[in-house]
K.L.:
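Quick one: this structure, given as structure tokens, is what I'll be asking you about.
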Amino acid sequence: MSRQTVQIPENFILGAAASAWQTEGWSGKKAGQDSWPDAWYQQDRHVWHNGYGPAVATDFINRFSEDVALMKASGLTHYRTSINWSRFLIDYETATVDEEYAAYYDRLIDEMQRQGIELMLCLEHYELPATLLEQYGGWQSKHVVELFIRYVEQVFKRYAGRVTRWFVFNEPIVVQTRVYLDALRWPYEQNTHKWMQWNHHKNLATARVVQLFRAAGYAGRIGTILNPEVTYPRSSAPHDQKAAHIYDLFYNRVFLDPAIKGEYPAELLALLDKHQIEWETTPEELAIIAANTVDEVGLNLYYPHRVKAPSRAWHPETPFHPAWYYEHFELPGRRMNPSRGWEIQPEIIWDMAQRMRDEYGNIPWFVAESGMGIENEAQFKNADGEIQDDYRIAFISEHLHQAIRASQAGINCQGYMLWAFTDNVSPMNAFKNRYGLIEIDLDKQRQRRMKKSAHWFRTLRDTQQFTLWLDDEPK
């Protein structure tokens, strides 16, 4: 092993992310304010690890002052969370604000400013109001797009100017992929037509919010947070290359291209037409998307996605799914996080960075989420009870290095943010895999405690450098 000292560029973001529904808990939530995750948890609590879910989460809504102090102690420059659409309003049709919940955000913004940490706010992080799913089919409905714009108008009126980094969605592809493509989450319906309609209406909503933000002349930047699946073919053979190319169209470019280029890929539209996927759009909607691209994007990058050409024919009675064109592939000998079942490959950040430069005009972007979830972290406590998460420090070092490498190469990468600041609830896995710099002790009223990585991150921020250990052994 050898070591390398890595310098952090000036003004490089060193932050962490979370969401409202995964941290706040239901304290003060009123009848009718359930989000989609809340309704899912109520319908299927048994699928959430040990029954934990969003009901209490980390109780951030009552403990944010304590947590913001820990953010400062851990050296964060930025913190991204969401405003919970389902809780911000008490009437979704009239966009009547829940003043009690809105005042909580006033206090949070005050506290973040007092502690010198920049708050980034996302307008939807899976928090579609459950009643809009039940009444209108959620993002299936153009009316829901209108209701979302009414909600955003109220948010901007209250907080724009105090917050200057805004993001329309976090991972806008995820909910409908899990519900309508894979039927793995409530309400469990395999329907590729609905999947594409949700995609389109979220792309339209993104453009409408950008249009609103600019027309009002608000200070700052408006973007979105995407989760591109950095995709590698099994081999250089044409059939595997084609599988990766089509996978990229369906899961990455369906949001990257409209957000940044203002249009859908022609190849994707041709494939949807070939398979008779029915979704509604209008020339006026496409024109709005074309004219209102984002200022910046955050990219959530965790692990590589590897695919190969399908080895069997699609069953003729099975409705179309993009898996018609690919199968997943596991690289033999890959580095693994055994807790999460994910491959560890820091170079995904460098590979995506080159793509942002070469294919997307070198638009400003940053790593919006990157992290390592580990099960049973208590086994790594020292005699003083502090978790010695050297594995997380190594993970962050390797991935942060790739982001800095991109910045130093002239690619417009502006920072690196962790998932997550504290341990928090994840869909279904709940608190099974811990991601935080800060431990949440569920057995002690969710007591907070800094892990070794939190102290390391503070030193990283203070010194603006870190040591990268390199494996020099021949493979």
Side-chain angles (χ1 to χ4, degrees), residues 18-49 51-61 81-102 104-105 122-152 154-155 168-191 194-195 197-199 201-202 205 209 424-430:
S19 75
W21 79 267
Q22 290 171 281
T23 56
E24 288 177 356
W26 292 351
S27 177
K29 181 164 70 75
K30 299 171 178 62
Q33 288 186 319
D34 288 335
S35 65
W36 169 74
D38 296 338
W40 176 24
Y41 179 63
Q42 290 165 351
Q43 292 285 333
D44 279 336
R45 181 172 176 172
H46 65 282
V47 307
W48 296 66
H49 182 69
Y52 285 110
V56 179
T58 67
D59 197 29
F60 183 80
I61 200 167
T81 188
S82 58
I83 292 180
N84 191 330
W85 176 13
S86 67
R87 293 194 61 178
F88 189 76
L89 303 178
I90 54 175
D91 187 310
Y92 304 118
E93 302 290 339
T94 62
T96 303
V97 174
D98 183 331
E99 289 296 331
E100 181 182 6
Y101 185 74
Y104 147 67
Y105 272 91
C122 187
L123 295 161
E124 204 260 38
H125 189 135
Y126 309 172
E127 293 131 347
L128 170 74
T131 186
L132 300 186
L133 177 62
E134 295 159 3
Q135 188 174 357
Y136 299 115
W139 289 102
Q140 182 74 10
S141 166
K142 294 185 188 297
H143 182 58
V144 168
V145 177
E146 298 301 323
L147 297 182
F148 182 70
I149 299 303
R150 294 176 196 174
Y151 149 68
V152 173
Q154 296 302 319
V155 171
V168 183
F169 289 101
N170 177 83
E171 299 183 345
I173 199 170
V174 166
V175 173
Q176 63 268 27
T177 297
R178 298 294 178 261
V179 172
Y180 295 117
L181 269 192
D182 303 330
L184 294 174
R185 297 180 182 175
W186 182 84
Y188 310 106
E189 178 186 349
Q190 205 291 312
N191 188 320
K194 287 186 177 181
W195 174 79
Q197 192 68 66
W198 276 50
N199 291 339
H201 282 157
K202 288 184 177 182
V209 172
N424 58 32
V425 172
S426 295
M428 298 175 72
N429 278 316

K.L.:
Is it true that a side-chain atom of Glu127 and a backbone atom of His125 form a donor plus acceptor pair closer than 3.5 Å?
P.N.:
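Confirmed, Glu127 side chain pairs with His125 backbone.
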
K.L.:
Below 30° counts as parallel, above 60° as perpendicular, anything between as tilted: where do the rings of Tyr151 and Trp85 land?
P.N.:
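It falls in the parallel class, under 30°.
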
K.L.:
Kindly compute the distance separating CD (Gln154) from CG (Asp98), expressed to the nearest 0.5 Å.
P.N.:
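The CD atom of Gln154 sits 12.5 Å away from the CG atom of Asp98.
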
K.L.:
Strictly distance-based, threshold 3.5 Å: is any side-chain N or O of Thr58 a donor or acceptor partner for the main-chain N or O of Thr23?
P.N.:
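Yes; at least one donor-acceptor contact below 3.5 Å.
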
K.L.:
What I'd like to find out is whether the side chain of Pro54 reaches to under 4.5 Å of the side chain of Trp40, using heavy atoms alone.
P.N.:
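A side-chain contact is absent here, since even the closest heavy-atom pair is not under 4.5 Å.
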
K.L.:
With a sphere of 6.0 Å drawn around CD of Glu134, does it hold more than 12 non-hydrogen atoms of other residues, nucleotides or ligands?
P.N.:
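Atom CD in Glu134 is crowded, with more than 12 foreign heavy atoms closer than 6.0 Å.
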
K.L.:
With ring-ring contact (aromatic ring centres under 6.0 Å, His included) as the test, would you mind laying out the steps for Trp36 and Trp21 before giving the verdict?
P.N.:
CA-CA 10 Å; Trp36 169 74; Trp21 79 267; 7.6 Å; no

K.L.:
Just wondering, do His143 and Glu93 contact through their side chains at under 4.5 Å, heavy atoms?
P.N.:
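They are in contact (side-chain heavy atoms under 4.5 Å apart), so the answer is yes.
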
K.L.:
Which donor-acceptor pairs under 3.5 Å do the side chains of residues 177-187 make with protein atoms, sequence neighbours left out?
P.N.:
{"residue": "Thr177", "atom": "OG1", "partner": "Ile173", "partner atom": "O", "Å": "2.7"}
{"residue": "Thr177", "atom": "OG1", "partner": "Trp195", "partner atom": "NE1", "Å": "2.9"}
{"residue": "Asp182", "atom": "OD1", "partner": "His321", "partner atom": "NE2", "Å": "2.9"}

K.L.:
For the atom pair CD1 (Ile61) and OH (Tyr105), what is the distance rounded to the nearest 0.5 Å?
P.N.:
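So the CD1 of Ile61 and the OH of Tyr105 are separated by 7.5 Å.
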
K.L.:
Can you give me the closest heavy-atom contact between Gly28 and Arg87, atom names plus distance?
P.N.:
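Closest approach of Gly28 to Arg87: C-NH2, 3.3 Å.
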
K.L.:
Roughly how far, to the nearest 0.5 Å, is OG1 of Thr81 from CD of Gln22?
P.N.:
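Nearest 0.5 Å value for the CD-OG1 distance: 9.0 Å.
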
K.L.:
Given Phe148, which partner from the list Trp139, Phe88, Tyr136 fulfils the ring-ring contact (aromatic ring centres under 6.0 Å, His included) test?
P.N.:
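Of Trp139, Phe88, Tyr136, ring-ring contact (aromatic ring centres under 6.0 Å, His included) with Phe148 is met by Trp139 alone.
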
K.L.:
Please confirm whether the backbone N or O of Ser86 pairs with a side-chain atom of Tyr92, one donor and one acceptor, at under 3.5 Å?
P.N.:
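Looks like yes, one N/O pair under 3.5 Å.
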
K.L.:
Can you confirm whether Leu147 sits close enough to Leu132 that some side-chain heavy atom of one is under 4.5 Å from a side-chain heavy atom of the other?
P.N.:
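SC-SC contact between Leu147 and Leu132 confirmed.
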
K.L.:
Just to verify, which of Glu124, Gln176, Gln197 counts as forming a side-chain hydrogen bond (donor to acceptor under 3.5 Å, both in side chains) with Lys202?
P.N.:
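Answer to the side-chain hydrogen bond (donor to acceptor under 3.5 Å, both in side chains) test with Lys202 among Glu124, Gln176, Gln197: Gln176.
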
K.L.:
What pair of heavy atoms forms the shortest contact from Val175 to Trp198, and how long is it?
P.N.:
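Closest heavy-atom pair between Val175 and Trp198: CG1-CZ3, 3.8 Å.
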
K.L.:
Are the side chains of Leu89 and Val97 in touch, meaning some heavy atoms are under 4.5 Å apart?
P.N.:
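Side chain of Leu89 against side chain of Val97, heavy atoms only: contact under 4.5 Å found.
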
K.L.:
How about His201 and Gln140: do any of their side-chain heavy atoms sit closer than 4.5 Å?
P.N.:
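A side-chain contact under 4.5 Å is absent here.
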
K.L.:
Got Lys30 and Ile90 here, is their nearest side-chain heavy-atom distance under 4.5 Å?
P.N.:
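The answer is yes; the side chains approach within 4.5 Å.
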
K.L.:
Examine the side chains of Tyr101 and Glu24 and answer whether a donor and an acceptor come within less than 3.5 Å of each other.
P.N.:
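Side chains of Tyr101 and Glu24: pair found under 3.5 Å.
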
K.L.:
What pair of heavy atoms forms the shortest contact from Gly138 to Val144, and how long is it?
P.N.:
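Heavy atoms only, the tightest pair is O-CG2, 3.2 Å.
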
K.L.:
When you compare the side chain of Ser35 with that of Asn84, does any pair of heavy atoms fall below 4.5 Å?
P.N.:
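Contact flag for Asn84/Ser35 side chains = yes.
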
K.L.:
What are the two closest non-hydrogen atoms of Ala18 and Asn424, and how far apart are they?
P.N.:
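Minimum heavy-atom contact is CB-ND2, 4.0 Å.
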
K.L.:
Could you tell me if the side chain of Tyr41 sits less than 4.5 Å from the side chain of Val425, heavy atoms only?
P.N.:
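No, too far: nothing below the 4.5 Å cut-off.
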
